Amino acid sequence: MRRGLSALALVVVLVWSATAWATSVGGELTASVVYELEEGIAAMPLQAKVAFSDDLQGKGKLYLELKGTFDPVSEANNLALGEAYGAAYLGDVDLTIGRKVISWGTIDAFGPTNYFARLSEAALLQGSITGEPVTGVQVAYYSPNWSATGVVLPIFSPQQLSPMMREALLKEPSGNMILAVIESAEVPERSLVNMEWGARVETNLKGWDVQLSAYSGFEPLPGIQLVAPMGMTTSDILMPIPKAEYRRQWYVGGAVAGFVGDLGIKGEVAYGGPAPFAQGEGEALVAPLSQNKKAWEGTVALEYMVPVGSGLLIQGQYIYAGSGSLFSPYQEPAGEPGAEPEPAHYLMGRLSYNFTLEDSVELTALYSMEDGSALLLPGFTYRLPQGVELKGTLLKNLGDGEGELDLVPDQVRLSVGYRF
């Protein structure tokens, strides 16, 4: 109770302070219902967001966003700080300090060079492909023919387990134990050595946008390995002990986007991964549940606008996940102790048609080439007068119930929102 009152008091102070300096105030209220076809109503979130901004007479920007969720069904109630940053425009250099969403690469959703975006199944189910804001400093330099961007994150913030990851873990025999070690894993301490950073150079070559980038940081969720005492044989072990740790990781990658006639082509590739698990004294039979070797990640996307009415957009993607999964960093041990999981392959397609600038229908499909599981996601957006917007989606599972994507239950999601 005391914590809730403190959070409420903080929000009141921030709102009062922000209103004093902001030249623009906006926000959104959204009421939704999620109905699972087998279980009934699974969630009824009421979400609110308010944002304050000031353009500093064209010399920069101040921005503060507060958001909250109240759900009497799933009990997912929270108040949170969204983006909150200050930016200064200094000629050819832009300096940004604070909490901000950082989006790199050319692919709309699951691009491997979008290092700072922590995407889960919500990117597909709810369309939140921008990820969460991160706290740090970003400096961008723009020349006539190229640009360079550097990002430093002095404070590491772990990712929260998504509902799909949590459900998948709980289905395993040692799921509760693994969840416990994830939640109790020691977070890297704040120091100069543990800072995360990224660098990107971007240019245009004969009409093609080309990006080269590098990243060094920590796993958003801790790596997990199963260990057993030295000297035991496999038959002696009833249940190996899971251990969790946030490991340092690095990636290098490239992205490109352009057109061949009317066909849009986008591609991204990255190579890297976390540092291998260290074997402790007296431990043997190590079985990693997380990526333990460097791997390739890649996505190729095609886009074409069919000249029908206002234009029917057709998009297709092939996604290669060398780490073993697109949505979860944890997989079953592959064969012998120390073996790596097999790479995962996905196909994603999307059809989208806009009747007006604000009214649209779309159909998204995702298929796992490894286990044959698939999701079909039709949806619509309809804008009413006075800033009211209706949205609806139907998620249909097309698998046999045993695949990765089959963990998502069939559901209908309806929402009504008001923007001000």
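The first residue of the sequence shown is numbered 1, and numbering continues consecutively from there. Only heavy atoms go into these numbers, but all of them, side chains included; no hydrogens, no water, no symmetry mates. Keep in mind that what you see is a predicted model, and the values were worked out from it rather than measured.
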Separation of Gln291 CD from Tyr330 OH (nearest 0.5 Å):
12.5 Å
Please step through ring pair (Phe, Tyr, Trp, His ring centres under 6.0 Å) for the pair Phe218 and Phe156, ending with a clear verdict.
CA-CA 8 Å; Phe218 288 93; Phe156 170 72; 5.6 Å; yes
Looking just at side-chain N and O atoms, do Ser325 and Glu404 make a donor-acceptor pair shorter than 3.5 Å?
yes
Treating Asn194 as the side-chain partner and Glu189 as the backbone partner, does any N or O pair qualify as donor plus acceptor under 3.5 Å?
yes
Short side-chain to backbone donor-acceptor contact, Thr203 and Asn145, under 3.5 Å
yes
How far apart are the C-alpha atoms of Ser32 and Arg413, what are their side-chain angles, what is the distance that settles it, and do they pass the side chain to side chain donor-acceptor pair (under 3.5 Å) test?
CA-CA 7 Å; Ser32 306; Arg413 183 183 298 265; 6.0 Å; no
For a side-chain contact (heavy atoms from CB on, under 4.5 Å) check, start with the C-alpha distance between Leu79 and Leu66, then their side-chain angles and the critical distance, and finish with the verdict.
CA-CA 8 Å; Leu79 293 172; Leu66 303 171; over 6 Å; no
dist Arg350:CZ -> Ile314:CD1 (nearest 0.5 Å) comes out at 12.0 Å
Whether Arg200 side chain and Trp104 backbone form a donor-acceptor pair below 3.5 Å:
no
CG/Leu395 to CG/Leu366 distance, rounded to the nearest 0.5 angstrom?
10.0 Å
Compute whether any side-chain donor of one residue and acceptor of the other, for Tyr215 and Glu196, lie under 3.5 angstrom apart.
yes
Under 6.0 Å from the CG atom of Asn78, do we count more than 12 heavy atoms belonging to anything else shown?
yes
Between Ser373 (side chain) and Leu405 (backbone), is there a donor-acceptor pair under 3.5 Å?
yes
Pro188 and Glu219, any side-chain heavy atoms less than 4.5 Å apart
no
CG on Leu363 to CG on Leu351, rounded to 0.5 Å:
5.5 Å
NZ of Lys396 to CG of Leu377: how many Å apart, nearest 0.5 Å?
13.0 Å
Can you tell me if Glu268 uses its side chain to pair, donor with acceptor, with the backbone of Thr106 under 3.5 Å?
yes
Is it the case that more than 12 heavy atoms not belonging to Lys294 sit under 6.0 Å from its NZ atom?
yes
Any side-chain heavy atom of Ser157 sitting closer than 4.5 Å to one from Glu132?
no
When you compare the side chain of Ser323 with that of Glu297, does any pair of heavy atoms fall below 4.5 Å?
yes
Within the 4.5 Å heavy-atom criterion, are Leu414 and Tyr35 side-chain neighbours or not?
no
Is there a side-chain contact between Met44 and Asp71 in this structure, where contact means two heavy atoms from C-beta onward sitting under 4.5 Å apart?
yes
Is there a side-chain contact (heavy atoms from CB on, under 4.5 Å) between Ile107 and Thr113? Walk through the geometry before answering.
CA-CA 9 Å; Ile107 300 295; Thr113 68; over 6 Å; no
Go through the steps for Glu186 and Glu245 under the test side-chain contact (heavy atoms from CB on, under 4.5 Å), then give the verdict.
CA-CA 7 Å; Glu186 184 178 355; Glu245 62 176 302; over 6 Å; no
Any Lys/Arg nitrogen of Arg383 or Asp359 sitting under 4.0 Å from an Asp/Glu carboxylate oxygen of the other?
no
Contact check, side chains of Thr299 and Pro112, non-hydrogen atoms, under 4.5 Å:
yes
Counting only N and O atoms by type, is there a donor-acceptor contact under 3.5 Å from the side chain of Gln211 to the main-chain atoms of Glu202?
no
For Ile155 and Arg190, run side-chain contact (heavy atoms from CB on, under 4.5 Å): C-alpha distance rounded to whole Å, both residues' side-chain angles, the deciding distance at 0.1 Å, then the answer.
CA-CA 6 Å; Ile155 301 174; Arg190 300 178 182 179; 3.8 Å; yes
Considering non-hydrogen atoms only, spot the tightest contact between Gln249 and Pro220 and give its length.
NE2-CD, 3.9 Å
Report yes if the distance between the aromatic ring centroids of Tyr382 and Phe355 is under 6.0 Å, otherwise no.
no
For the residue pair Val306 and Tyr353, establish whether any side-chain heavy-atom pair is separated by less than 4.5 Å.
no
So, does Tyr85 use its side chain to make a donor-acceptor pair with the main chain of Val137 at under 3.5 Å?
no
Look at the side chain of Asn292 and the backbone N and O of Phe277, then say whether any donor-acceptor pair between them is shorter than 3.5 Å.
yes
Under 3.5 Å donor-acceptor, Asn354 side chain and Ser310 backbone
no
Hey, could you give me the OH/CG distance between Tyr142 and Asp94, rounded to the nearest 0.5 Å?
5.0 Å
Donor-acceptor pair, Gln315 side chain versus Ala301 backbone, under 3.5 Å?
no
Kindly check if the number of other-residue, nucleotide or ligand heavy atoms within 6.0 Å of CD (Gln160) is above 12?
no
Can you find a heavy atom in the side chain of Lys67 that is under 4.5 Å from one in the side chain of Gln47?
no
